[in-house]
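It should be emphasised that the depicted structure is a prediction, and the values quoted were computed from it without experimental measurement. Letters A, B, ... are given to chains in the order of the sequence lines, protein chains preceding strands, and every chain is numbered from 1.
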Amino acid sequence: MIQSLLDGVLVGAILSLGAIGLTMAMHILRFANFSHAELLSIGAYAALVFDGLFAALFPLLSEAIGPLSLTWALAAAIIVSMAITAISAILIDRVVFRRVRALGGELSMVFASFGVALVIRNFISLIFGLKTQLYSEDIVFAVILSQDPLLLVKPDQVFALIAALIIMLALHLFLSRTTLGYALRAVAENPTLAEVNGINLKRMIAVVWTIGGGLAAFAGVSYGLTNQISPVIGRDLVLPIFAATIVGGIGSVYGAVLGGFMVGIAANLALVVLPSGYSPAVPFLIIILVLLVRPNGLFGEARA
Amino acid sequence: MIGVISYFVFFATVASILAIAVLGLNLQWGNTGLFNGGVVAFFGAGGYATLILGGTQQADHLGGYDLPYLLALAGGAAIAGLLAWVVGVLTLRLRHDYLAIATFGVAVTFESVMRNAEWLAGGAKGVRGFERPFREALGDGFSYNILFLCFVLLVGAAVYVFLERLIRSPFGRLLRAIREDEVAARSLGKFPDRVRLTAFVAGAVIMGVSGGLYATFYAFISPQDVLPILTFQIWAMLIVGGAGNNRGAILGAFLIWGGWTASGWALSRFAPVDVQLYTGTLQFILIGFIIVGMLMWRPQGLLPERLVVSHSGARNKHQQGRKE
């Protein structure tokens with residue numbers, strides 16, 4: 001039970017990072033982006049490629065950091081992967097979404113995002129194969145936190161959680177203390193009014209995708225580090241991430257953080273009662289529950 | 001020769017069954033602007049329910065009601081409609097991307113329940129033990145398939161005529177009015193939420209009929225038949241054919257299903273063995289490109305929605321429609 005709670009917090013951090021980017025894009029571009037979770041896959045695989053590259057070029061870097069299975073090479077690869085994923089997110093927007101936005105309504109964008117997700121996911125399978133992979137073949141044993149009740153935690157999980165929290169804090173400071181952060185919030189509130197006040201909407205959209213892509217990449221690597229890397233990361237995480245944004249209220253960054261942790265914990269606790277085969281259905285049950293009790297989420301506002 | 005004809009009958013049957021589902025989606029998306037991300041759940045609900053209601057007694061799961069076939073098919077459609085009603089009541093009054101997310105969630109949940117709940121529908125083994133109507137008289141061969149194709153075409157034609165009349169009726173105008181300008185419709189004393197729910201449930205019932213026919217055709221349904229890709233295929237059919245146009249929906253169904261089977265055949269015939277492992281992957285990329293490409297370059301589809309001008313003078317209707 002407490003173990004599930006602990007695992008839930010760790011999964012929750014990953015979902016939060018995914019949900020922050022999704023909720024921002026949903027709020028500013030006004031569409032449910034079903035391809036957002038594929039950014040996690042792009043991030044996980046980009047890190048895999050550069051991890052291998054760095055380790056081959058600089059053998060010194062393939063040393064693991066402390067008790068983690070994370071190597072210096074992978075740590076550097078994470079930074080590169082965040083940049084690559086951010087660029088991919090901007091490119092996808094420029095090539096596909098911008099054009100669809102101009103031609104059709106918001107729901108055409110939702111259709112297009114499903115198409116984009118299908119293409120990205122299967123291209124990844126084509127390039128990297130359908131098999132699952134790991135960043136490190138070394139087995140890192142879980143640390144026993146307490147014997148009774150038995151609590152196990154892997155050092156990598158602790159790293160992922162702490163790093164996620166630091167990233168969220170940095171994002172909070174960025175949104176609340178910088179001019180760019182202010183501009184971003186203004187666009188989210190009212191795009192037209194923000195433009196009248198001289199904010200460059202196109203640039204803000206690029207900023208949203210940069211943040212969303214970067215956070216998603218880190219979430220993807222964390223997922224790969226604590227579970228495994230496979231082409232279906234996006235397919236498996238899309239619904240939990242959506243559940244997190246709905247729990248938090250669409251458009252609320254802080255709601256997304258809280259929603260991510262709540263969905264992670266709830267999903268892990270639910271598996272105490274439900275057989276694990278039902279785990280894909282749990283986020284849906286959470287969504288239905290939220291829609292019944294508080295349709296606009298914890299921090300969301302009603303909007304048609 | 002008989003082999004080719006027999007294959008053609010088989011192909012036409014499956015494509016026509018899918019075309020019925022596309023017609024259902026067209027009512028939801030094309031005419032009413034409702035996004036259904038879980039077509040496969042309503043299709044599957046119809047299929048499963050038809051086999052369970054009309055099937056023989058099964059040892060380890062629900063079944064054995066032995067209802068007459070048409071009643072079982074109607075029951076399947078009703079179950080699909082019920083599922084849509086529950087989802088619709090919860091989500092239709094909220095912002096519209098909630099419906100997209102919730103319906104997508106329904107499909108994921110439906111597949112996972114069908115895969116795991118053995119007491120309900122046999123789990124991964126699926127539902128068997130269904131006696132297809134008239135099988136004793138006609139056997140399993142060619143003549144049976146011809147008869148079944150005729151039945152599917154009959155049902156498809158009935159659905160088509162029903163929808164064509166529906167969209168020309170005052171209710172159809174109301175659907176388009178709500179799609180185009182909800183506030184204006186509300187100001188005229190209409191209830192957009194209620195109308196949307198009706199259209200959503202009606203579309204799901206049609207998908208349920210399609211699923212019921214599909215399950216009948218194979219006399220078997222399993223979780224492998226309700227994978228998310230089917231939803232994307234049905235969307236691609238509607239988008240290619242032209243959302244809002246029932247003829248387009250049918251054309252799209254035949255084109256996409258033709259492309260899907262042809263690409264599968266070509267890959268299994270000509271591709272090297274290690275590429276064949278990725279047949280599904282390549283086909284999924286194709287479907288993804290078709291959806292994205294159509295939305296980028298021809299969002300109205302091959303047969304665009306014909307603008308209906310709602311003047312009372314029926315004689316001018318044709319000309320005016322052309323002018324617009």
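- Taking the six-membered ring where the residue is Trp, the centroids of B:F104 and A:F114 are separated by under 6.0 Å.
- Residue B:F284 touches chain A through both its backbone and its side chain, counting heavy-atom pairs closer than 4.5 Å.
- When each of A:L292, A:L130, A:L285 is checked for heavy-atom pairs under 4.5 Å with chain B, A:L130 comes out on top.
- Residue A:Y278 comes nearest to B:S112 through the heavy atom pair CA-OG, 3.8 Å, listed as atom of the first residue, atom of the second, then distance.
- Counting non-hydrogen atoms of neighbouring residues, nucleotides and ligands closer than 6.0 angstrom, the CZ atom of B:R194 reaches no more than 12 such neighbours.
- With rounding to the nearest 0.5 Å, the separation of CG in A:L118 from CZ in B:F289 is 10.5 Å.
- In terms of heavy-atom pairs under 4.5 angstrom with chain B, the leader among A:V95, A:V96, A:I120 is A:V96.
- Of the listed residues (B:T91, B:I287, B:V106, B:I291), the greatest number of heavy-atom pairs within a distance under 4.5 Å of chain A belongs to B:V106.
- Only the side chain of B:Y98 comes within less than 4.5 Å of a heavy atom of chain A; its backbone N, CA, C and O stay farther away.
- Ranked by heavy-atom pairs under 4.5 Å with chain A, the list B:L90, B:L277, B:I101, B:L295 is led by B:I101.
- Checked by atom type and distance alone, the side chain of B:D97 never pairs as donor or acceptor with a backbone atom of A:F31 at under 3.5 Å.
- Both the backbone and the side chain of A:P280 come within less than 4.5 Å of a heavy atom of chain B.
- With a 4.5 angstrom heavy-atom cutoff, A:L107 touches chain B via backbone and side-chain atoms both.
- With rounding to the nearest 0.5 angstrom, the OG atom of A:S279 is 8.5 Å from the CG atom of B:N116.
- In this structure, the ring of B:F35 has its center less than 6.0 angstrom from the ring center of A:F111.
- With values rounded to the nearest 0.5 angstrom, B:T281 atom OG1 is found 12.0 Å from A:I124 atom CD1.
- Taking every heavy atom of both residues into account, B:T109 and A:A281 meet most closely at CG2-CB, 3.5 Å.
- Closest approach of A:V100 to B:M296, counting heavy atoms only: CG2-CG, 3.8 Å.
- Taking 4.5 Å as the limit, every side-chain heavy atom of B:V108 sits out of range of all side-chain heavy atoms of A:F284.
- Heavy-atom distances place both the backbone and the side chain of A:L291 under 4.5 Å from chain B.
- Nearest heavy-atom pair across B:A100 and A:V110 is CB-CG1, 4.2 Å.
- Residue contact with chain A, scored on non-hydrogen atoms closer than 4.5 Å, involves the side chain of B:I239 exclusively.
- Proximity to chain B is absent for every atom of A:V282, based on heavy atoms less than 4.5 angstrom apart.
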